A.B. asks: 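Below is the structure I would like to discuss, written out as structure tokens.
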Amino acid sequence: MALRIYNTLTREKELFESVNPGKVGIYLCGPTVYKPCHIGHFIGPVIFDALKKYLIYKGYNVTFVVNITDVDDKMINEAQKRGITTEQLAREISAGYYEALEKLNIDSIDHFPHATSYIPHMIQLIHKLGDQDAAYIADGDVYFDVTKCDNYGCLSNRKQEDQLEGSRQLAGSSQKRNNADFALWKSVGPDEIGWESPWGRGRPGWHIECSVMSMDLLGETFDIHGGGMDLIFPHHENEIAQSQTASGKPYVKYWMHNGLTRVRTKSGSEWKAEKMSKSLGNIKPIAELLEEYPPAILRFFVLSTHYRRPIDFSDEAITAVQKGANNIYRLLDRLEALTGDDIYHTKPNIAAMENQAQSEPDKKFTEDVAQAQLRYLEALDDDFNTAAAIATLFELVNTVNRYLDDQRAQGQTNKEFLTIAQEAGRMITHLGQILGLFTHPLTKAAGTDSLTPQLMELIIKLRKQARTDKNFQLSDTIRDALKNLNITLRDNPDGTTEWQLES
RNA sequence: GGCGGCGUGGCCAAGUGGUCUAAGGCGACGGAUUGCAAAUCCGUUAUCGUGGGUUCGAAUCCCACCGCCGCCUCCA
């Protein structure tokens, strides 16, 4: 089994082979911390956190870097508007960012380099570029000369000549050698935020920070660089130009770009999907969203679409996904309740299933579970198709439910089939957890105290008596009352009743 | 003007040359089960934007057209 990844650079799915055997470096463009983050900021982190987990599963040693841009025009403006320093602003916004990451189970990021901590490195890199005449001073600013990079435009497939007409890039600094040249260092006045440099007081351009931090932490050539598709040009294109020119080596082996988040809104009877943006005012802060939906569901939602496609965000869409995910949780929780064993934190044991499986249905079932695992991993190997992988999870759930039903229908009294079903449940959590899904029950474990199960047993017994007496009014009252406590009863055909705490 | 993405059932969403009259989810409908429900199971619900073309064979390749979205200024 070999992982294949779509590389924006070549526009093809390529076999993944890491630069250094057994090791993988991933760099993802993080947020500019000037306004509260929204769901769009977490698409990348969810995807690449899941990817890292999968690579670890495959045996790689992975280093994952997400940068924090804590200096640029927007930050300065916002800080000024609010009457605080940019440091205060950065601290406040990044705290919210980290908090959301944690809730979304994004725990695999090894480094969060801040741009402001890398100023000397940036100056060094600009120097290096200057030595090659790839950087020059104009109007006190330092620019990168794109003609010094022979493959400029390779990532975005753009030619400079084509960019002129219709572009909103107005004829500004006429001092630039080429229209496409971009700033490496911008000069600032004495009372503005800035750092001393050989070119006077100033602050770095946006693109240089990612080049510097990624190469510092991952090496001059590293494996995977991720980001939203909107960053392909100019940001990533410029990163390549700077880094490659400075190091004389290829910069990144695989460029992975995720689709952008769109918001579905209704105008009249027409649905339309548009980009999230501040000007459109269709942004919901992540903190708010995390209040409305369980974080695990949001993560599931993101991964249930292939990463390269845009995700249309709407309450309806999340709700639909949530209902689907609940079917999986319901089965898992049910298996735990039936067997009394933890299936979230133990690994499946196919061999044990095979040993236990005596009858034909048991054997068939065991075979189906093994097949599901295979298809799940195959899907992930195919350009990290989490959507297809998740589909196999649903099929597996159906397989288990059917098995349980069949066993029950046959009046199976021995509980051996439960052992087998339990292993299948473990397979579901195990596969899900490769992507950071199904790490815990969605709700607080039911009856964590010892009293609840006993009380439930009592209540169920009483209700059963009521039903035997055909006192349905009473039995339904009990059922409704429990429902209000989010406890659902399941009356099985064989007369037994199970209970479950629903989310 | 240039670059790029998208258009698959009521909705969401996989699939990018044959196993596809098309996975999976939500919804709807019918059935089993139930005292009634819930849950679960079974079944039904698509020829893949339009029109051409290539091919023995296309949702998948090519051309044209229509529609939507993004980038070329800051953006994950």
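Residue numbers start from 1 in every chain, and the chains themselves are labelled A, B, ... in the order their sequence lines are given, proteins ahead of strands. Scope of the values below: all heavy atoms of this structure, side chains included, with no hydrogens, waters or symmetry mates. Just so you know, these numbers come straight off a predicted model, no measurement behind them.
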A.B. asks: Using OP1 and OP2 only, check whether a side-chain N or O of A/K323 sits under 4.0 Å from B/G27.
C.D. replies: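 So the side-chain polar atoms of A/K323 do come within 4.0 Å of the phosphate oxygens OP1 or OP2 of B/G27, strictly under.
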
A.B. asks: Over 60° means perpendicular and under 30° means parallel, so classify the ring planes of A/F300 and A/F438, tilted if in between.
C.D. replies: perpendicular

A.B. asks: What's the closest nucleotide to the A/D476 side chain, out of B/C69, B/C72, B/G35?
C.D. replies: B/G35

A.B. asks: B/C72 P sits how many Å from A/F182 CZ, rounded?
C.D. replies: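 To the nearest whole Å, that distance equals 15 Å.
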
A.B. asks: Looking for any heavy atom pair under 4.0 Å, which part of the strands does A/L393 touch: base, sugar-phosphate only, or nothing?
C.D. replies: nothing

A.B. asks: Figure out the CG/C1' separation between A/N484 and B/A38, and round it to whole Å.
C.D. replies: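 Rounded to the whole Å, the gap is 14 Å.
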
A.B. asks: Any base atoms under 4.0 Å from A/G153, or only sugar-phosphate, or nothing? Heavy atoms, all strands.
C.D. replies: nothing

A.B. asks: Just wondering, do A/F472 and B/G35 stack (centres under 5.5 Å, planes under 30°)?
C.D. replies: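 Yes, aromatic ring over the base.
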
A.B. asks: Name the closest nucleotide to the A/A387 side chain, picking from B/U40, B/A76, B/A14.
C.D. replies: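 Per side-chain heavy atoms of A/A387, the pick is B/A14.
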
A.B. asks: Under 4.0 Å, counting only non-hydrogen atoms across every strand here, what does A/D491 touch: a base, just sugar-phosphate, or nothing?
C.D. replies: base

A.B. asks: Output the rounded distance in Å from CD (A/E316) to P (B/A13).
C.D. replies: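 It works out to 13 Å between those atoms.
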
A.B. asks: Give the intermediate values and the outcome of side-chain hydrogen bond (donor to acceptor under 3.5 Å, both in side chains) for residues A/T399 and A/D368.
C.D. replies: CA-CA 8 Å; A/T399 301; A/D368 286 348; 5.0 Å; no

A.B. asks: Does B/A76 have its OP1 or OP2 closer than 4.0 Å to a side-chain nitrogen or oxygen of A/T32?
C.D. replies: yes

A.B. asks: Walk me through whether A/Q473 and A/T477 qualify under side-chain hydrogen bond (donor to acceptor under 3.5 Å, both in side chains).
C.D. replies: CA-CA 6 Å; A/Q473 201 181 346; A/T477 302; 5.8 Å; no

A.B. asks: B/U21 and B/G17: how far apart are their P atoms, nearest whole angstrom?
C.D. replies: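 One P to the other, the span is 15 Å.
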
A.B. asks: Classify the side chain of A/T261 versus the base of B/A76 as yes if they form a donor-acceptor pair under 3.5 Å and no if they do not.
C.D. replies: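 For A/T261, whose side chain was compared with the base of B/A76, there is a donor-acceptor pair (under 3.5 Å).
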
A.B. asks: Any chance you could lay out the ring pair (Phe, Tyr, Trp, His ring centres under 6.0 Å) test for A/F301 and A/Y293, step after step, and finish with the verdict?
C.D. replies: CA-CA 11 Å; A/F301 178 76; A/Y293 301 98; 8.6 Å; no

A.B. asks: What's the CG-P distance between A/L380 and B/A14, to the nearest Å?
C.D. replies: 14 Å

A.B. asks: Could you tell me whether A/R408 and A/E498 have a side-chain N and a carboxylate O separated by less than 4.0 Å?
C.D. replies: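 A/E498 and A/R408: salt-bridged.
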
A.B. asks: Can you tell me if A/R309 touches the phosphate of B/G7, counting only side-chain N or O atoms and a distance under 4.0 Å to OP1 or OP2?
C.D. replies: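 Yes, A/R309 has a side-chain N/O under 4.0 Å of OP1/OP2 on B/G7.
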
A.B. asks: Tell me, with the steps shown, if A/N7 and A/E12 meet side-chain hydrogen bond (donor to acceptor under 3.5 Å, both in side chains).
C.D. replies: CA-CA 6 Å; A/N7 189 350; A/E12 274 174 13; over 6 Å; no

A.B. asks: Between B/C63 and B/U54, how far apart are the two C1' atoms, rounded to whole Å?
C.D. replies: 10 Å

A.B. asks: Can you tell me the distance, in whole Å, between the CZ atom of A/R158 and the C1' atom of B/G70?
C.D. replies: 10 Å

A.B. asks: With respect to the side chain of A/N401, which nucleotide from B/G24, B/A38, B/C41 is positioned closest?
C.D. replies: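 For the A/N401 side chain, the nearest candidate turns out to be B/C41.
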
A.B. asks: Assess the pair A/F222 and A/Y251: is the distance between their ring centroids shorter than 6.0 Å?
C.D. replies: yes

A.B. asks: Atom CG of A/D383 to atom C1' of B/U16: distance rounded to whole Å?
C.D. replies: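 About 12 Å, once rounded to whole Å.
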
A.B. asks: Defining pairs by Watson-Crick or G-U wobble geometry with both distances under 3.5 Å, how would you list the stems of RNA chain B with at least three pairs each?
C.D. replies: B:1-7 with B:66-72, B:10-12 with B:24-26, B:27-32 with B:40-45, B:49-53 with B:61-65

A.B. asks: Check this one for me: any side-chain N or O of A/R330 less than 4.0 Å away from OP1 or OP2 of B/U40?
C.D. replies: yes

A.B. asks: For A/H306, which contact category applies under a 4.0 Å heavy-atom criterion: base, sugar-phosphate, or nothing?
C.D. replies: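 Here A/H306 touches the backbone only, sparing every base.
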
A.B. asks: Take atom OH of A/Y329 and atom P of B/C26, then tell me their distance rounded to the nearest Å.
C.D. replies: 15 Å

A.B. asks: Side chain of A/H41: nearest nucleotide among B/A76, B/C69, B/G35?
C.D. replies: B/A76

A.B. asks: For A/G227 and A/A388, take the nucleotide of RNA chain B holding the closest heavy atom to each; which residue's nucleotide lies nearer the 5' end?
C.D. replies: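 Nearest-nucleotide comparison on RNA chain B picks A/A388.
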
A.B. asks: Where the side chain of A/P234 is defined as all heavy atoms beyond and including C-beta, which of B/C72, B/C41, B/G27 is the nearest nucleotide?
C.D. replies: B/C72

A.B. asks: Report the nucleotide, chosen from B/U40, B/A38, B/U34, that has the shortest atom-to-atom distance to any side-chain atom of A/R467.
C.D. replies: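 Minimum distance to the A/R467 side chain belongs to B/U34.
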
A.B. asks: Look at the side-chain N and O atoms of A/N398 and state whether any lies under 4.0 Å from the OP1 or OP2 oxygen of B/C41.
C.D. replies: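 So the side-chain polar atoms of A/N398 do come within 4.0 Å of the phosphate oxygens OP1 or OP2 of B/C41, strictly under.
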
A.B. asks: Between A/N157 and B/C71, is there a side-chain N or O to OP1/OP2 distance below 4.0 Å?
C.D. replies: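 False: A/N157 side-chain N/O out of range (4.0 Å or more) of B/C71 OP1/OP2.
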
A.B. asks: Which of the following nucleotides, B/C41, B/A39, B/A14, is nearest to the side chain of A/R402?
C.D. replies: B/C41

A.B. asks: Anything under 30° is parallel, anything over 60° is perpendicular, the rest tilted; go ahead and classify A/W255 against A/H236.
C.D. replies: tilted

A.B. asks: Classify A/N327 by what it touches in the nucleic acid, base, sugar-phosphate, or nothing, heavy-atom distance under 4.0 Å.
C.D. replies: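 It contacts sugar-phosphate atoms only.
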
A.B. asks: Could you please name the option among B/A13, B/C71, B/C36 that lies closest to any side-chain atom of A/R479?
C.D. replies: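 Ranking B/A13, B/C71, B/C36 by closest atom to the A/R479 side chain puts B/C36 first.
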
A.B. asks: Between A/S94 (side chain) and A/Y97 (backbone), is there a donor-acceptor pair under 3.5 Å?
C.D. replies: no

A.B. asks: When you measure from the side chain of A/F394, which nucleotide among B/G24, B/A76, B/A13 comes out closest?
C.D. replies: B/G24

A.B. asks: I want to confirm an ordering. Mapping A/G30 and A/T305 to their closest nucleotides on RNA chain B, which one lands closer to the 5' end?
C.D. replies: A/T305

A.B. asks: Please work out if A/G44 contacts a base, only the sugar-phosphate, or nothing of the nucleic acid, heavy-atom cut-off 4.0 Å.
C.D. replies: nothing

A.B. asks: Does the ring center of A/F417 lie less than 6.0 Å from the ring center of A/F365?
C.D. replies: no

A.B. asks: Given atom CG of A/L155 and atom P of B/G5, what is their separation to the nearest angstrom?
C.D. replies: 12 Å

A.B. asks: Among B/C72, B/C74, B/G35, which is the nearest nucleotide to the side chain of A/K74?
C.D. replies: B/C74

A.B. asks: Please classify the nucleic acid contact of A/A320 as base, sugar-phosphate, or nothing, using heavy-atom distances under 4.0 Å.
C.D. replies: sugar-phosphate

A.B. asks: Quick one: is B/A23 close enough that its OP1 or OP2 comes under 4.0 Å of any side-chain N or O from A/N385?
C.D. replies: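 So the side chain of A/N385 is outside the cut-off, no N or O lying under 4.0 Å from OP1 or OP2 of B/A23.
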
